[in-house]
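Remember, predicted model here, so these are calculated numbers, not experimental data.
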Amino acid sequence: MAEENQEEQKSAGKGLMIALIVVILLLVIGIGVMTFLLLSGGDSKDNGNGQQANAQEQTIDDGVPREFSPKFKQYEPPEPGAPPQYFAMEPFVVNFKGEGQAKYLAVTLKFMSHYPQLVQDMENYRPILRNDITALLRKQTYSEMNLDNGPDILRERILTKARGVLEKHGIYPDILEDVFFERFVMQ
């Protein structure tokens, strides 16, 4: 009987040792998986609801947005190295606050994007863009436009205004990359 008791203790000790080894192995595997997930998932953003938030912008070497939030209209990403596309507006000629100097501002501009579909879609918003940019141009003052960086400040304002129109209509605003003056005349 004493022999049976010793055998039971030996087998119970072996069972406990096997269980302990299994628990340690599972713990090591769990730590490895967690480390891998934390290191590989460091670029993703969690919005707190357990859902992975789409990055507002993912870019490839040339700085062109490739993916953006699904709340915006989705466009096919441009081919890497593709030349930019331009959307030309008819010339603007407006009265502006001349402050005793020039009273007319004539501007011809083009918007730039690497997304050809955006350039096509902007045609639908041409009247809105024209209205908003005309209103913006009328608010300018001679003293501000006569500064060395006056036209650059105006370019930024026009780009901001155009991006606001696009965003309001469900288009990701940053894919409209820039605006350029072809003509800028104060008289």
Check: Within a radius of less than 6.0 Å around OH of Tyr104, do more than 12 heavy atoms belonging to other residues, nucleotides or ligands occur?
Finding: no

Margin query: Between Gln74 (side chain only) and Phe72 (backbone N and O only), is there a donor and an acceptor less than 3.5 Å apart?
Written below: yes

Next item on the list: Kindly indicate whether the side chain of Phe180, heavy atoms from C-beta on, has any atom under 4.5 Å from the side chain of Met112.
Entry: yes

Next item on the list: Using the salt bridge (charged side-chain N to carboxylate O under 4.0 Å, His left out) rule, pick out the option among Arg126, Lys110, Arg183 that qualifies with Glu90.
Entry: Arg126

Next item on the list: Taking the side chain as every heavy atom from C-beta outward, state whether Leu20 and Leu16 have any pair of such atoms under 4.5 Å apart.
Entry: no

Notebook entry, point to check: Side chains of Asp121 and Lys73: does their closest heavy-atom pair fall under 4.5 Å?
Noted result: yes

Checklist line | Check: Tyr75 and Leu118 side chains under 4.5 Å, non-hydrogen atoms | finding: yes

Note to self: Under the criterion side-chain contact (heavy atoms from CB on, under 4.5 Å), I'd like the reasoning laid out for Met89 against Leu109: C-alpha separation, chi angles, the key distance, then a yes or no.
What the structure shows: CA-CA 6 Å; Met89 298 288 293; Leu109 53 91; 3.6 Å; yes

Notebook entry, point to check: Looking at side-chain heavy atoms only, is the closest gap between Phe181 and Thr108 below 4.5 Å?
Noted result: no

Check: So do Ile171 and Met122 actually touch side chain to side chain, heavy atoms under 4.5 Å?
Finding: no

Notebook entry, point to check: Roughly how far, to the nearest 0.5 Å, is OH of Tyr125 from CG of Asn131?
Noted result: 15.5 Å

Notebook entry, point to check: Where do Leu105 and Phe184 land on the side-chain contact (heavy atoms from CB on, under 4.5 Å) test, with the steps shown first?
Noted result: CA-CA 7 Å; Leu105 180 62; Phe184 185 89; 3.9 Å; yes

Margin query: For a side chain to side chain donor-acceptor pair (under 3.5 Å) check, start with the C-alpha distance between Gln85 and His114, then their side-chain angles and the critical distance, and finish with the verdict.
Written below: CA-CA 6 Å; Gln85 304 291 310; His114 280 85; over 6 Å; no

Check: Do Arg157 and Glu144 meet the salt-bridge criterion of a basic N to acidic O distance under 4.0 Å?
Finding: yes

Notebook entry, point to check: Does the side-chain contact (heavy atoms from CB on, under 4.5 Å) test come out yes or no for Phe111 and Glu177, once each step is laid out?
Noted result: CA-CA 8 Å; Phe111 291 100; Glu177 297 168 53; over 6 Å; no

Next item on the list: Considering non-hydrogen atoms only, spot the tightest contact between Val93 and Ala106 and give its length.
Entry: CG2-CB, 4.1 Å

Item checked: Considering all heavy atoms, the nearest Pro151-Met145 contact -> CD-O, 3.9 Å

Check: Side-chain contact, heavy-atom cut-off 4.5 Å: Leu129 with Phe87?
Finding: yes

